[in-house]
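Atoms within a ligand are numbered from 1 in the order they appear, just like the ligands themselves. Note that the structure is a prediction, hence the values are computed from the model and not measured. These numbers come from the heavy atoms of this one structure, side chains and all, not from hydrogens, waters or symmetry mates.
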Amino acid sequence: MTTQNLPGQPHLAYRGNELFTENICLSELAKEHGTPLFVYSKGAMLAALAAYQRGFAGRNVQICYAMKANPALGVIQVFAEAGCGFDIVSGGDMDRVLAAGGRAENIIFSGVGKTRAEMRRALQAGIGCFNVESEAELEVLSDVALSMDLRAPVSIRVNPNVDPKTHPYISTGLKGSKFGVAHERVLQTYQRAATLAGIRVVGIDCHIGSQITQEAPYLDAVDRMLDLVEAIEAAGIPVDHIDFGGGLGINYNGDTPPSADRLWENMLAKLDARGFGQRQLMIEPGRSLVGNAGVCLTEVLYLKPGEQKNFCIIDAAMNDLPRPAMYQAFHQIVPLNPRPEAPDTYDVVGPICESGDWIGHDRTLTVQQGDLLAVLSAGAYCMSMASNYNSRGRAPEILVDGEQAHVIRQRETMADQMRQERLVGATPTT
Ligand SMILES: *Cc1c(COP(=O)(O)O)cnc(C)c1O
């Protein structure tokens, strides 16, 4: 039997006419658990993490998985066991990390709109750092910490004003972005932080965007950040850690981002040249750790040939895979059991009543009704953004580890969906 790896997808391979993740046959999983179905490779996640670890060998670094990419407890558990910290963006994210066995002191809390209640709970739990995104937030955090007789560990998120050259919705480090404190106001913000009794400055951070496929924006951000650290420390405020955020892209459609180890070799050379190579460093990768570790399995419900377009209607939709609708994103779509006949061109679409509910335009496929397909690169920003639109239950998730397939989330039922709802006048049940 011939084995054929999928380009850029080291954990996916055809063995004969069957697509496998690690040693698990995907069509068998689909038959057992139904579709749509998310399948993640633990090996692929750990291999992605290992690339960062190689790049940082011998350095003082904390890798914080940006869990908004994929917040499944079973995924968090993989990274917690591998020694990662976590970048969270809500109090709910914190609860997930703690429930999955992560440690509070390894949590950093990002986001422009933290509530007082979230601050209080995070202080109570003893998280490692608040990545503060505005001067107003700094004042409120100091207040909340003082009311608890605590000092909040703080890093100020800098908006370094560099163009990550990615989709505008996932650019975060340009002027005009809602994220971070403007480059020119950073020193003043640190000076203010140093006077606030409820604040303890511990670091500085930035995050310039997502799905970044070039090195230059990162290298620009390093220079901007180090200039700021020098200025802040010259003003007498020590900055213990420097956090460069996440954002490294993955291969969706022949994209060629630098590998994590290459990128960091070059970043560290720059840090070394400026005398910062032995600092405590942090990074917050999300997509690059999980994106290509996941696929979404789906069944072809109907083929609908047309004069202008042929439609391939599948049972996964924009509520499961929101990236095409949100960002015009591209996901490769491949058959689980390839057919030898000549292909046709299809728009691959879901059942949802929106024209925006497409998964792929103009795809060349040989398919028949009832065939199973895999939507690739579905490990990041798919389930984490899934919804119940059209009363669709969210798909189950499977974590594959060698020969084993663990269900880490069951399919959402209609009872799950309706649990919090009440008819007017109905007697409340408990
Ligand atoms: C989303 C986010 C990340 C992770 O971004 P990726 O592109 O998934 O690596 C890291 N840090 C912050 C603050 C974020 O908002």
Test: Asp227 and Arg224 ion pair at under 4.0 Å: no

Under-4.0 Å salt bridge between Lys270 and Asp223: yes

Protein residues having a heavy atom less than 4.0 Å from any atom of ligand 1: Ala66, Lys68, Asp87, Ser110, Arg157, His207, Ser210, Gly246, Gly247, Glu284, Pro285, Gly286, Arg287, Tyr381

Salt-bridge criterion met for Lys178 and Glu133 (N-O under 4.0 Å): no

Candidates Asp87, Val290, Ile88 - the one meeting side chain to side chain contact (heavy atoms under 4.5 Å, CB included) with Met67: Ile88

Ionic contact status for Arg200 with Asp240, cut-off 4.0 Å: no

Under the side-chain hydrogen bond (donor to acceptor under 3.5 Å, both in side chains) test, residues paired with Glu135 that sit two or more places apart: Arg185

